[in-house]
Every structure is written in C-alpha cells, then in structure tokens.
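Both counts, for ligands and for their atoms, begin at 1 and track the order of listing. As the structure is a computational prediction, the values presented were derived from the model and not from experiment. Nothing fancy with the numbering, it's 1 onward along the sequence.
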Amino acid sequence: MRKLPFDKEKLEEIAKKYPTPFHIYDAEAIRENARRLLKAFSWNKGFREYFAVKAAPNPELMRLLKEFNFGSDCSSMAELVLAEKVGNVGDAIMFTSNDTPAEEFVKAWELGAIINLDDITHWDFLCKSVGASTPADFKDRIMCCRYNPGPLKGGNAIIGKPEEAKYGFTREQLFECYAKMREAGVEHFGIHTMVASNELDPEYIIDTARLLFSLVAEITEKTGVKFEFVNIGGGIGIPYRPDQKAMDLDYVGKGIERAYKELVEAAGLAPLKLFMECGRSITGPYGYLVSRVRHIKNTYRLYAGLDACMSNLMRPALYGAYHEIVVPGKEDASQTSVYDVTGSLCENNDKFAIQRLLPVLERGDIVVICDAGAHGHAMGFQYNGKLRSAELLLEKGGDVRLIRRAETLDDYFATLNF
Ligand SMILES: *Cc1c(COP(=O)(O)O)cnc(C)c1O
C-alpha cells in the first residue's frame, strides 16, 4: 500500500477549506527528488534539468523547482509566458516545440531562449519570423536541433516507434542544418532527442545519451560545429503499478558518466553539458488527486462514483493507465470488493480504475488517486461542462497553500456572449 504524506484527518481538515476534488502536491518530496537528480549528475559540470512545463504548468511548482536551478522546457506561448513570469528567461528556457507558429519563435527569441528546432525548414522560418539575417543577429544565440533516430532506436509504449513519430530531424538533415546555422553566424550549439515517455528501463536512457554523444562526435568531425550541450529529453518513467520499480537515478548517472568518458572526453569533445527535460519523474509521484465517493451503484458491476472525473485526470481514459488508489482511514481494512471507480462524465471511459480490488467503499469516503502530479491536472478539459479542480501545495510542516483555485461556472462561461 502506498504511503501518503497525509492521513484521513488531515485530508478532512483540508477539505473543509478546499472542497474535493483537488490536486495536492508534496513540496518537500519534490525537493528531495530534485536533490537526488542533481546528485546523480553532479559529475557533469553544467548539468541542468529543464522541467517540462506541460507536466504541471503551475508557477508555484516552477518556482519551487527553480530553487534547484531547474529551467523550463516550453513548447507553447502560454508555457513561455509562465517561464517568463517565474523569472526563467535566457538559457533557463529550452523551447522545444513542433509545428511551431511564428509568434512563438518571436517570443522565445525575445526571451533569449535556447531554441530547439523540430524541423529543417524551421531554420529559415525562424530567421524570417524574428528578422535575423546577419552574424550579429545570431551572436550569443544558442541553437539546437531535435534528432529523431528513426529506425536506429527501438520504440517506447507512449511515444511509439521513432520513425512513426512526428518529431525531429532525420540524421542527414542534422548535418545540413548545423552547417547552415554555422555559416549564418551561430556560435553556440546543442543537440536534443526525446524518444521515450514513461520509460522505466535505465539502459534506454543511457543508450539515448550514448546515441547523442556519438552523433556529436560525428557532426563535429563533418561540419566543424562544436557542441556545448546534449539534451537527452525527458521520458523517465515512474512506477505507477505496485510491481514496478522507480528508476535508479544513480545507476543512470553512472552509466551516462561512463559513456561520457568513453565517447566525449576520449574524443576531445569535453566539456559538454548534459541537459534533461523531465516532467513526469519530477512531480508525478508527488501529486495526488483527492476525491470523495459520491455514489455506490450496484448493477452488472459495482461502481464507485467519485466527485472527480476524467477532466481531473485523463491518463486512465487516454492510455488505459494504472493509478494506485488509496482510501485513507481504510488502509488496514481488507480489500474485499471489486469496483469500477468512475467519474460523472457521460463517457464510459470516464473510469479511474476498472475492476479494482478495494476495501468496501461508502458514500463520503475520501479516495486518493496517486501519481497524479504530472500530466494530471494539466491535461484537464471542460468537456461535458466539467470544471477543473483546485491545486494545493502541502508545505513542510503541514501547511497547505492554494496554488490554483478551482474553476467556477463563470470561468466556464467567460468566452460566451449571452
Ligand atoms: C512531454 C515532453 C517532455 C517531458 O516528458 P516526461 O515524460 O514528462 O518526462 C520533455 N520534452 C518534450 C519535448 C516533451 O514533449
């Protein structure tokens, strides 16, 4: 059974002020996790994590991560503005987008972000969009390309096979684009790939670093471009299921360090900074969706209907994802009933769990859905007139702070003229 940072009494106390459903994040656990990550990569001078803003786009969480010098990985106008608002500008932003509109390139350029191109045609598009043409325009700019290894790298469940993924450059295109950028006067370069999502095999992450290190050597040799960083993307998984194990970050760190010595140092390409842009593994396990049983329904199956629905957490409906469910106060009760745990949306996939063995539930029970701290609240939507819930931050010592209020009907109607 998952250990929670709060018990039933605490949740009831919180719920008096902030009615369920709400998302709550454990600040201290996020901090500890950030420290673990930094320690695992402390061998690399300049190591930096760019938190994937899309995973949990809340300025308070971004500020918390900024305590650890985490930058922001942005892919939209709103995410760029969020980064700006929390003071992440310049090389604290990695702008990794795709199918990018001109105004986002303009904004990223104004903020001095590291611009990670998704396609070879975006180089000219960027130059035109921001009005850059002379070497002076590119001075101090940091440019990066996103590599899609295609058939050279095996697939991963969520992102799928690289050759079927819409992201990134082919291998050949990389050489051409780096040469072009260098000719135009760009002096600072990095390279990026992101081929996994929710990957739990550490070797996959280490292999990704090896792949980029080798590529850096080859591109430098063929084009003369010198690289300052390698960004291995996000995609580190978390153990959603009880039988899964968290990735051993120290093991990954050591594995990448070995690869660095072998492929970067030995080839005279050091120093090379290692960047990451994880989202899920940074906040995922430390966020909880707290909800209450609204109805118990007994038909062909037994249903526990919650006051949360898939607009609070899409992952089960979208990916068939598993999220552990804990019933505070009933941790020690024997699990004797099998429920479909549902929301109130008029979609039959609005289920947090299907045929889940749980203690006997009653109306009013608080139910905690675990691992909702990334790609949870963020994926919320308003279909069926459902409103997005509040987000709370549990501080060290037990104080709870509202970091996003719940939506109201007025928010829902704000775009309409009656
Ligand atoms: C989604 C995304 C991430 C973060 O992925 P996680 O699986 O949450 O670590 C990082 N980089 C890019 C470009 C992304 O699209």
Side-chain angles (χ1 to χ4, degrees), residues 25 30 33-34 36-37 40-41 48-58 61-62 65 70-80 82-83 88 92-100 104 108 113-119 122 144-149 153 155-160 162 164-169 190-202 204-205 208-209 212 229-240 244 246-247 249 252 274-287 313-315 318-319 321 323 371-379:
Y25 305 89
I30 293 174
N33 183 51
R36 269 198 300 277
L37 181 73
F41 292 96
R48 196 164 197 184
E49 150 73 11
Y50 290 79
F51 177 62
V53 174
K54 77 168 189 273
N58 188 300
L61 295 174
M62 292 164 74
L65 295 169
F70 285 14
S72 301
D73 169 41
C74 303
S75 65
S76 65
M77 183 61 86
E79 291 177 2
L80 286 169
L82 269 169
N88 271 351
I93 297 177
M94 187 88 201
F95 182 57
T96 300
S97 68
N98 66 92
D99 192 21
T100 314
E104 290 180 8
I114 301 174
I115 294 187
N116 187 15
L117 298 176
D118 183 67
D119 186 59
H122 290 193
C144 185
C145 296
R146 179 173 187 164
Y147 173 44
N148 181 333
K153 183 99 179 140
N156 158 279
I158 292 186
I159 286 205
E164 291 170 9
K166 65 173 176 169
Y167 312 109
F169 287 58
I191 189 164
H192 168 276
T193 195
M194 162 103 186
V195 283
S197 185
N198 197 25
E199 181 61 56
L200 282 170
D201 178 3
Y204 197 93
I205 308 295
T208 301
L212 285 186
F229 73 84
V230 153
N231 182 340
I232 59 172
I236 293 184
I238 60 173
Y240 287 103
Q244 290 175 324
M247 197 179 285
L249 290 176
V252 177
L274 184 73
F275 292 171
M276 257 184 195
E277 48 188 37
C278 289
R280 187 186 316 272
S281 65
I282 305 299
T283 54
Y286 317 110
L313 181 67
M314 282 269 278
R315 299 190 69 262
L318 196 58
Y319 314 118
H323 282 259
D371 301 315
H375 311 294
H377 188 285
M379 280 188 178

Between ligand 1 and the protein, which N/O pairs are shorter than 3.5 Å?
unit_1, atom_1, unit_2, atom_2, d
ligand 1, 8 (O), Gly279, N, 3.4
ligand 1, 8 (O), Arg280, N, 2.8
ligand 1, 8 (O), His375, NE2, 2.7
ligand 1, 9 (O), Gly235, N, 2.8
ligand 1, 9 (O), Gly279, N, 2.9
ligand 1, 11 (N), Asp73, OD2, 3.1
ligand 1, 11 (N), Glu277, OE2, 2.7
ligand 1, 15 (O), Lys54, NZ, 2.8

* Passing candidate, side-chain hydrogen bond (donor to acceptor under 3.5 Å, both in side chains) with Thr96, options Asn231, Asp118, Asn116 ->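 It is Asn116, the one option of Asn231, Asp118, Asn116 that forms the side-chain hydrogen bond (donor to acceptor under 3.5 Å, both in side chains) with Thr96.
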* Please step through side chain to side chain contact (heavy atoms under 4.5 Å, CB included) for the pair Met94 and Cys144, ending with a clear verdict. => CA-CA 9 Å; Met94 187 88 201; Cys144 185; 3.8 Å; yes
Rounded to the nearest 0.5 Å, what separation is found between the [atom1] atom of [X] and the [atom2] atom of [Y]?
| X | Y | atom1 | atom2 | result |
| --- | --- | --- | --- | --- |
| Ile191 | Ile232 | CD1 | CD1 | 13.0 Å |
| Cys74 | Ile93 | SG | CD1 | 5.0 Å |
| Asn98 | Ser76 | CG | OG | 11.0 Å |

* Asked: So, does Asn198 use its side chain to make a donor-acceptor pair with the main chain of Ile238 at under 3.5 Å?
  ->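 The answer is yes, because a donor-acceptor pair under 3.5 Å joins these two groups.
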